[in-house]
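Hydrogens, waters and symmetry mates are skipped; everything else that's a heavy atom, side chains included, is used. In what follows, chains are A, B, ... by sequence order, proteins preceding strands, each numbered from 1.
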Protein chains: 2
Amino acid sequence: MAESINLAVSTVIFALRPHPDTQHPVLWLPLVRRVRSPHKGLWALPGGPLGSTEDLAASARRNLHETTQLTPRYLEQLYAFGRPDRSDDRTVSIVYWALVHADVASAGVESDNVRWFLADELPKLAFDHSQIVEYALWRLRNKMEYSRIAAALLGETFTLSELREVHEVVLERTLDPANFRRQIESTGQVVATEQFRTGGRHRPARLYRHDHSIELADNGPLTGR
Amino acid sequence: MAESINLAVSTVIFALRPHPDTQHPVLWLPLVRRVRSPHKGLWALPGGPLGSTEDLAASARRNLHETTQLTPRYLEQLYAFGRPDRSDDRTVSIVYWALVHADVASAGVESDNVRWFLADELPKLAFDHSQIVEYALWRLRNKMEYSRIAAALLGETFTLSELREVHEVVLERTLDPANFRRQIESTGQVVATEQFRTGGRHRPARLYRHDHSIELADNGPLTGR
DNA sequence: TCAAAAGTGTTTGGTCTACACCCATGG
DNA sequence: CCATGGGTGTAGACCAAACACTTTTGA
């Protein structure tokens, strides 16, 4: 009986890029257009069947790279979706969520069947993928509060204002700059450099980088906790 | 390629029962003895292949009932384990964890191939099941702090001391009775009854019950959040 | 009347928040 | 020299731990 069940791995990929109108950074995610039934023509999460000798996370990483040419800065298992009615062909999907650093260049890999969308302006998605994205957004917002995954959305160095802006976009609320600074500094997740960002009509901001001595991603229960 | 991958659902089941020596309540969990290769004779988590029209949680619930004759008071997806080397036959296991209320009577369903073990005195387990149990314990302890799953380990009514004892056993540390009382009362997850537990050489303790108007288990992302 | 646990009150130390304020720069 | 954001200081609100204390029972 089990031989009729398909197993797939899909990934919700988030990146921070400017809003086309406001130029303010907002969350984007890439989708692929289905070229086969069912749900042919609808947009869906990137993913596919698990390779017979492939690890789950490796499958997610591979799909992510094939879709976006990118390597995730953060990758974590989200949930296994298995309701019998979620697809016609009885597929259980193990879903990961990822953060990538998508600059303008990497946006060039878009094609007719791969496109980046604003996270809050998604089209109708295939299967239960809309619910999956909702859940991934919920997890992202929750994790943001006690983790430093915002790091994965920025470059190697950044000002505290830039880091705060990431938090504000993800959490959808403004944060007090003074308190945010203290909060970040107290965790020690970030280290000051001797460089400064100049150019604004104001005092230059010190650049920081992440403390790479601490692991970033939660790679699941098997990698020491 | 995907057709060679097996999909199984397993469950880590926790219950609170007295320690055989001290009579103090401690965590127990039931295991089943493998009757087939590989790992024949070793103890393993209850589980089995997913039914072709069965929901993941339903499969966990079914296995749990077949093993212990019990119905879970709490059931939540834990993680999907899929390392290629975790079994010889390339099985991906979607693991749930559950809390049950196991009284002495239900312990009677033990047999040669089903036995309850102290959670901190487990034998060598088949496959990667030892790591899975470790992870489930970690999740239990984490969730305890901000949830009321302790409820699922107790009967319909209980004193605050009993509830505190559950927390203390799971978290492996003592808690201040006064602060614990305030903390629990402030959440409103528990409501006072007009009954009291008498019999000790001390002032009778008021019995409480859980507020059933609030959902208990986290049934995943698809059931409203 | 005493031991033991139930239950209450109070102090205290830390953390979070709001906001006033100074600093350094580009224009 | 002034507008702008970088960065610091600080008072009040809030919260949780510690612990002294009172209450009520069974023996």
Open item on the list: Expected output is a numbered-order residue list: members of residues 197-205 of chain A with a heavy atom under 4.0 Å from any atom of DNA chain D. What is it?
Closed with: Arg201(A), His202(A), Arg203(A), Pro204(A), Ala205(A)
Show every donor-acceptor pair shorter than 3.5 Å between a side-chain atom in residues 153-165 of chain B and any protein atom, with sequence neighbours excluded, or say none if there are none.
| from | atom 1 | to | atom 2 | distance (Å) |
| --- | --- | --- | --- | --- |
| Glu156(B) | OE2 | His212(B) | NE2 | 3.2 |
| Thr159(B) | OG1 | Ser161(B) | N | 3.4 |
| Thr159(B) | OG1 | Glu162(B) | N | 3.1 |
| Glu162(B) | OE1 | Thr159(B) | N | 3.0 |
| Glu162(B) | OE1 | Arg197(B) | NH2 | 3.0 |
| Glu162(B) | OE2 | Arg197(B) | NE | 3.2 |
| Glu162(B) | OE2 | Arg197(B) | NH2 | 2.9 |
| Arg164(B) | NH1 | Glu168(B) | OE2 | 3.2 |

Task: Separation between OG1 of Thr193(A) and CG of Leu207(A), rounded to the nearest 0.5 Å - done: 5.0 Å
Open item on the list: Show, in sequence, the C-alpha distance, side-chain angles and deciding distance for Trp97(B) and Leu78(B), and conclude whether the side-chain contact (heavy atoms from CB on, under 4.5 Å) test is met.
Closed with: CA-CA 6 Å; Trp97(B) 68 284; Leu78(B) 180 67; 3.9 Å; yes
Open item on the list: Distance check, rounded to the nearest 0.5 Å: Glu172(B) atom CD versus Arg141(B) atom CZ?
Closed with: 4.0 Å
Open item on the list: If I take atom CG in residue Asp176(B) and atom C1' in nucleotide dT11(C), what distance separates them, rounded to the nearest angstrom?
Closed with: 14 Å
Open item on the list: Students often get this wrong, so: under 4.0 angstrom with heavy atoms, is Arg182(B) touching a base, only sugar-phosphate, or nothing?
Closed with: base
Open item on the list: Below 30° counts as parallel, above 60° as perpendicular, anything between as tilted: where do the rings of Phe81(A) and Tyr135(A) land?
Closed with: perpendicular
Task: For atom CZ of Phe180(A) and atom P of dC19(C), their distance in whole Å - done: 20 Å
- [ ] Provide, to the nearest angstrom, the distance between the CZ atom belonging to Arg181(A) and the C1' atom belonging to dC23(C).
- [x] 12 Å
Task: Atom-to-atom span, CD of Gln183(A) to C1' of dG14(C) - whole angstrom - done: 15 Å
TODO: Working to the nearest 0.5 Å, report the span between CD of Gln131(A) and OH of Tyr79(A).
DONE: 12.0 Å
Task: Of residues 155-163 of chain A, the positions that come close to DNA chain D - non-hydrogen atoms, cut-off under 4.0 Å - done: Ser161(A)
Task: Distance in Å, Leu125(B) CG paired with Ile132(B) CD1, rounded so as to fall on 0.5 Å steps - done: 9.5 Å
- [ ] Before giving the answer on side-chain contact (heavy atoms from CB on, under 4.5 Å), spell out for Leu118(A) and Trp28(A) the whole-Å C-alpha distance, their side-chain angles and the decisive distance to 0.1 Å.
- [x] CA-CA 5 Å; Leu118(A) 289 166; Trp28(A) 295 71; 3.6 Å; yes
Open item on the list: Of all nucleotides in DNA chain D that come within under 4.0 Å of a heavy atom of chain A, which is furthest toward the 5' end and which toward the 3' end?
Closed with: dA3(D) to dT10(D)
- [ ] Please identify each residue that fulfils side chain to side chain donor-acceptor pair (under 3.5 Å) with Ser93(B), with sequence neighbours left out.
- [x] Arg86(B)
TODO: Apply side chain to side chain donor-acceptor pair (under 3.5 Å) to Asn179(A) and list each qualifying residue two or more places apart in sequence or on a separate chain.
DONE: Arg182(A)
Open item on the list: Taking the ring centre of each residue, are Trp43(A) and Phe117(A) less than 6.0 Å apart?
Closed with: yes
Task: Euclidean distance, atom CD of residue Glu185(B) to atom C1' of dG9(C) [Å, nearest integer] - done: 14 Å
Open item on the list: Tell me the interatomic distance from Leu207(B), atom CG, to dA5(C), atom C1', rounded to whole angstroms.
Closed with: 15 Å
